[in-house]
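Sequential numbering from 1 along the given sequence is applied to the chain's residues. Since the model is a prediction, treat every value here as computed from it, not as a measurement. The analysis underlying the following values was restricted to heavy atoms, covering all of them including side chains, and did not include hydrogens, waters or symmetry mates.
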Amino acid sequence: MPLASRSVHGGRAEAATRLGRVCAGIIEAAWLIALATTPLFVNVYSHRSFEPDKTALLRLLTIVMVAAWLAKLAFGRREGRGLADDDPARMWRWPVLAPVCLMGLGLLVSSLMSIDPRLSWDGSYSRAQGTWAQLAYLTIFIA
């Protein structure tokens, strides 16, 4: 590593950038895995259709992506570093973020006001395409 690229704080800033790169790699790997494996995942031994199994895989990958993004955001804030593209103030400049957030808010409100909020949140037994799955789709879209 050249001397000019080392920071004044030594190892802490270097660890922050390393953690940021690892978290960014996890996020990218998770959406690429979702893109590649979700269409291929079929459980032939399941008595239900194949959609709930795919939805469960997609939800799991979304949880991994959100956890990596939160770790990157929290550790970067603790070190006092700006997070370039992940800075929430800069993210609001994306033209697609406001409509996606409005859609997510609409999903949450409609789920809470539903006759059966649990069914609205989880989706039906045979498809599992409720609010949770829709929010997972929106999260992968933003990632």
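Hydrophobic clustering (side-chain heavy atoms under 4.5 Å, transitive across Ile, Leu, Val, Met, Phe, Trp, Tyr) keeps Val64 apart from Leu70. In this structure, Leu138 is not a member of the same hydrophobic cluster as Leu60, with clusters built from ILVMFWY side-chain heavy atoms closer than 4.5 Å. Neither Trp132 nor Leu119 shares a network with the other; the hydrophobic side chains, linked directly or stepwise wherever heavy atoms of I, L, V, M, F, W or Y lie under 4.5 Å apart, form separate groups for each. A continuous path of hydrophobic side-chain contacts links Trp31 to Leu58 [ILVMFWY only; heavy atoms under 4.5 Å]. Val22 and Ile33 end up in different hydrophobic clusters when Ile, Leu, Val, Met, Phe, Trp and Tyr side chains are linked at under 4.5 Å.
Between the CD1 atom of Ile140 and the CG atom of Leu61 there is a distance of 6.5 Å, given to the nearest 0.5 Å. Rounding to the nearest 0.5 Å places CD1 of Ile27 at 12.5 Å from CD1 of Ile142.
Between Trp69 and Thr139 there is no side-chain heavy-atom pair separated by less than 4.5 Å. Annotation: side chain of Phe141 is in contact with side chain of Val96 (closest heavy-atom distance under 4.5 Å). Residues Thr55 and Gln129 are in side-chain contact: their nearest non-hydrogen atoms beyond the backbone lie under 4.5 Å apart.
For residues 32-41, no pair satisfies salt bridge (charged side-chain N to carboxylate O under 4.0 Å, His left out), with sequence neighbours left out.
The two residues Lys72 and Cys23 make their nearest non-hydrogen contact at CB-CB, 3.7 Å. In this structure, Ile26 and Ala68 approach most closely via the heavy-atom pair CG2-CB, 3.7 Å.
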Could you tabulate the donor-acceptor pairs under 3.5 Å formed by side-chain atoms of residues 102-118, not counting sequence neighbours?
| from | atom 1 | to | atom 2 | distance (Å) |
| --- | --- | --- | --- | --- |
| Ser110 | OG | Gly106 | O | 3.0 |
| Ser110 | OG | Leu107 | O | 3.0 |
| Ser111 | OG | Ser120 | OG | 2.9 |
| Ser111 | OG | Thr131 | OG1 | 2.7 |
| Ser114 | OG | Asp116 | N | 3.3 |
| Arg118 | NH1 | Asp122 | OD2 | 3.4 |

